[in-house]
Amino acid sequence: MQYFIYIVTNKPKGTLYVGVTNDIIRRIYEHKTGVIDGFTKKYNLKILVYFECYEEILFAIQREKNIKHWSKKWKIELIEKMNPEWRDLYSSLV
C-alpha cells in the first residue's frame, strides 16, 4: 500500500491545503469535483501542486502534521523546489 501527502491550491501562492490519502487520484478528483464539503470546497482548492509518497501510513501522517505547522513561506518553498511553475500535477498521475 502507498500513502501520499499532498498540497492543493486555488492559484500560485494562494490558499494551501495539506492532506494525506492512500488513493491520491481518487482524492484529488474529489477536490476537483467538489463532492466533499469543507475547507477545500469553500476555497476552491483544486490544483495539485505537490505530493510525496510513503509506504508507511505513520510516516505519511507525521509528515502531513509537520507540514501543516509550517509557515506559508516554507510551504511555498517546498512546492517551488518540486514544481516551480505551480503546474497541476494531477494530469501526470492519471
Side-chain angles (χ1 to χ4, degrees):
M1 180 71 80
Q2 291 184 315
Y3 305 92
F4 301 86
I5 64 102
Y6 64 92
I7 302 175
V8 290
T9 189
N10 52 359
K11 62 183 178 182
K13 299 182 182 177
T15 303
L16 302 174
Y17 174 81
V18 181
V20 66
T21 184
N22 67 346
D23 187 342
I24 195 166
I25 293 171
R26 175 193 48 80
R27 189 66 182 110
I28 301 307
Y29 177 80
E30 291 171 350
H31 288 302
K32 287 186 171 295
T33 58
V35 296
I36 299 175
D37 288 333
F39 183 84
T40 59
K41 185 175 181 179
K42 179 179 179 180
Y43 292 98
N44 200 33
L45 308 179
K46 298 180 178 184
I47 304 167
L48 174 66
V49 290
Y50 184 85
F51 67 91
E52 297 175 4
C53 182
Y54 293 88
E55 292 184 10
E56 299 288 335
I57 186 63
L58 295 178
F59 293 136
I61 291 169
Q62 187 60 57
R63 178 70 165 157
E64 176 204 25
K65 287 180 180 181
N66 291 346
I67 292 173
K68 281 187 174 193
H69 291 288
W70 289 5
S71 67
K72 186 172 182 181
K73 180 181 182 237
W74 286 6
K75 292 174 191 170
I76 289 171
E77 289 173 4
L78 179 70
I79 293 164
E80 290 184 339
K81 284 181 185 174
M82 176 185 177
N83 187 4
E85 297 172 357
W86 292 74
R87 292 177 294 110
D88 188 347
L89 302 174
Y90 180 72
S91 61
S92 68
L93 298 174
V94 292

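Keep in mind that the numbers below use all heavy atoms, side chains included, and drop hydrogens, waters and symmetry copies. Throughout, residue positions are numbered sequentially from 1 according to the sequence presented. Values in this document were obtained by computation on a predicted structure and should not be read as measured data.
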Original post:
Would I28 and V94 count as a side chain to side chain contact (heavy atoms under 4.5 Å, CB included) if you check the C-alpha gap in whole Å, the side-chain angles of each, and the deciding distance to 0.1 Å?
Top reply: CA-CA 11 Å; I28 301 307; V94 292; over 6 Å; no
Counting C-beta onward and ignoring hydrogens, is there a side-chain heavy-atom pair between [X] and [Y] closer than 4.5 Å?
| X | Y | answer |
| --- | --- | --- |
| T9 | I79 | no |
| E77 | W74 | yes |
| Y50 | V18 | no |
| I25 | Y90 | yes |
| L78 | W70 | yes |
| M82 | F51 | yes |

Subject >> Residues, nucleotides or ligands: over 12 heavy atoms within 6.0 Å of K65 NZ >> reply: no
**OP:** Flag yes if more than 12 heavy atoms outside E56 fall under 6.0 Å of its CD atom; otherwise flag no.
**Re:** no
Original post:
Are any side-chain N or O atoms of K72 and backbone N or O atoms of G14, one a donor and one an acceptor, separated by less than 3.5 Å?
Top reply: yes
Subject >> Test side chain to side chain contact (heavy atoms under 4.5 Å, CB included) applied to Y3 and T21, I24, I57, the passing residue >> reply: I57
Starting at [atom1] of [X], measure out to [atom2] of [Y] and round the result to the nearest 0.5 Å.
| X | Y | atom1 | atom2 | value |
| --- | --- | --- | --- | --- |
| F39 | H31 | CZ | NE2 | 11.0 Å |
| I76 | L16 | CD1 | CG | 6.0 Å |
| T40 | Y17 | OG1 | OH | 6.5 Å |
| N10 | T15 | CG | OG1 | 4.5 Å |

**OP:** Could you give me the CA-CA distance, side-chain angles and deciding distance for W86 and K13, then say whether side chain to side chain contact (heavy atoms under 4.5 Å, CB included) is met?
**Re:** CA-CA 9 Å; W86 292 74; K13 299 182 182 177; 3.8 Å; yes
**OP:** Could you name each residue pair satisfying salt bridge (charged side-chain N to carboxylate O under 4.0 Å, His left out) that touches residues 43-55, not counting sequence neighbours?
**Re:** E52-R63
**OP:** Could you note down all residue pairs passing salt bridge (charged side-chain N to carboxylate O under 4.0 Å, His left out) where residues 24-37 supplies at least one of them, sequence neighbours left out?
**Re:** D23-R26, R26-E30, R27-E30, K32-D88, D37-K41
**OP:** Begin from the C-alpha positions of I61 and Y54 and carry the test side chain to side chain contact (heavy atoms under 4.5 Å, CB included) through to its verdict.
**Re:** CA-CA 10 Å; I61 291 169; Y54 293 88; over 6 Å; no
**OP:** Begin with the C-alpha distance, continue with both residues' side-chain angles, and end with the deciding distance and a verdict on side chain to side chain contact (heavy atoms under 4.5 Å, CB included) for Y6 and V49.
**Re:** CA-CA 8 Å; Y6 64 92; V49 290; over 6 Å; no
